Each structure stands twice: as C-alpha cells, then as structure tokens.
Amino acid sequence: MAVTLERSRHKTKSDKKNNIQMENHNFNRKKETTINRLRIGHPRLTHEYLVSKEEPLTCEECGTPLTIKHILTECQLYQQERINLNITLDSLLGPDPAQNRKILNFLKSINLIDLI
C-alpha cells in the first residue's frame, strides 16, 4: 500500500513571521514583540506581579491599577506626551504601521519601552 504525502496547507512559522514583518513594515523582533504585548494587554510591566507573587502595581500619579489602557489613554502624567505625538484612542494598536511607530515613540519618550 503506497501512501502519498501532500504538502500541508498550514502556514509555517516563517510564513507567519513574514506576514508580521510585511504588516509592520519590517519592525525588528523587539518592536514586533512590544506591539503584540500591548495588543494582548500583557506586558511585563503590568503583569510581572503574577510571576513574582507580589501585589499588582498602581500608578504613582493617579493611584489606580497600572494597565496598558491607563498608560496609553488615561494617565495625566503622560497627557502632554500623548498630545505632542498626536496619540488618540482611535489610533492605538491597529494595523497602521505609522500609528504603531507613534506608540513605540511614545513609550520611548516616557521611558517605558524597555519595561513592556
């Protein structure tokens, strides 16, 4: 009995990576990871407490739980930076690479890029 193998129609990891790079206009791996962590809402900064078994972080400025939504849209400490970079809720973390660059620049300007 002969068995023939057909090529799988499933995408390989390299296919997925190439799609991400095309979508994000060749962001490097670190930038892709940062954007993806922001999209799912689980960056190290706001979820490290789960691993370390400590209390969740709170915003020192506002006293509210520290979340990605709070950092990107609510915290008064970063309001001027959001205005300077024209960051709005509508532009956050969508497929537009130019908007994603704005978010990365925002995080860099507020010194949080390496904590994501």
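Model, not experiment: these values are computed from the prediction.
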Nearest 0.5 Å, what's the NZ-CD1 distance between Lys31 and Ile103? 14.0 Å

Quick one, Leu45 and Leu66 - any side-chain contact, counting heavy atoms below 4.5 Å? yes

Measure from the side-chain N and O atoms of Arg37 to the backbone N and O of His42, and report whether any donor-acceptor pair falls under 3.5 Å. no

Of the non-hydrogen atoms in Phe27 and Pro97, which two are nearest, and what is the gap between them? CZ-O, 3.8 Å

Which pair of heavy atoms, one from Leu85 and one from Lys102, lies closest together, and at what distance? O-CD, 3.4 Å

Nearest 0.5 Å, what's the CG-CD1 distance between Leu38 and Ile71? 8.5 Å

Donor-acceptor contacts under 3.5 Å from residues 106-113 side chains, at least two apart:
residue: Ser109; atom: OG; partner: Glu81; partner atom: OE2; Å: 3.1
residue: Ser109; atom: OG; partner: Asn105; partner atom: O; Å: 3.4
residue: Ser109; atom: OG; partner: Phe106; partner atom: O; Å: 2.8

When every non-hydrogen atom of His70 is compared with those of Arg82, the smallest separation belongs to O-NH1, 4.5 Å

What are the two closest heavy atoms between Pro43 and Ile116, and how far apart are they? CB-CG2, 3.5 Å

Quick one: CD on Glu60 to SG on Cys75, what's the gap to the nearest 0.5 Å? 10.0 Å

For the atom pair CG (Leu104) and CD (Gln99), what is the distance rounded to the nearest 0.5 Å? 11.5 Å

Could you grab the distance from atom CD1 of Ile35 to atom NZ of Lys30, nearest 0.5 Å is fine? 11.5 Å

If you round to the nearest 0.5 Å, how far is CD1 of Ile68 from OG1 of Thr46? 5.0 Å

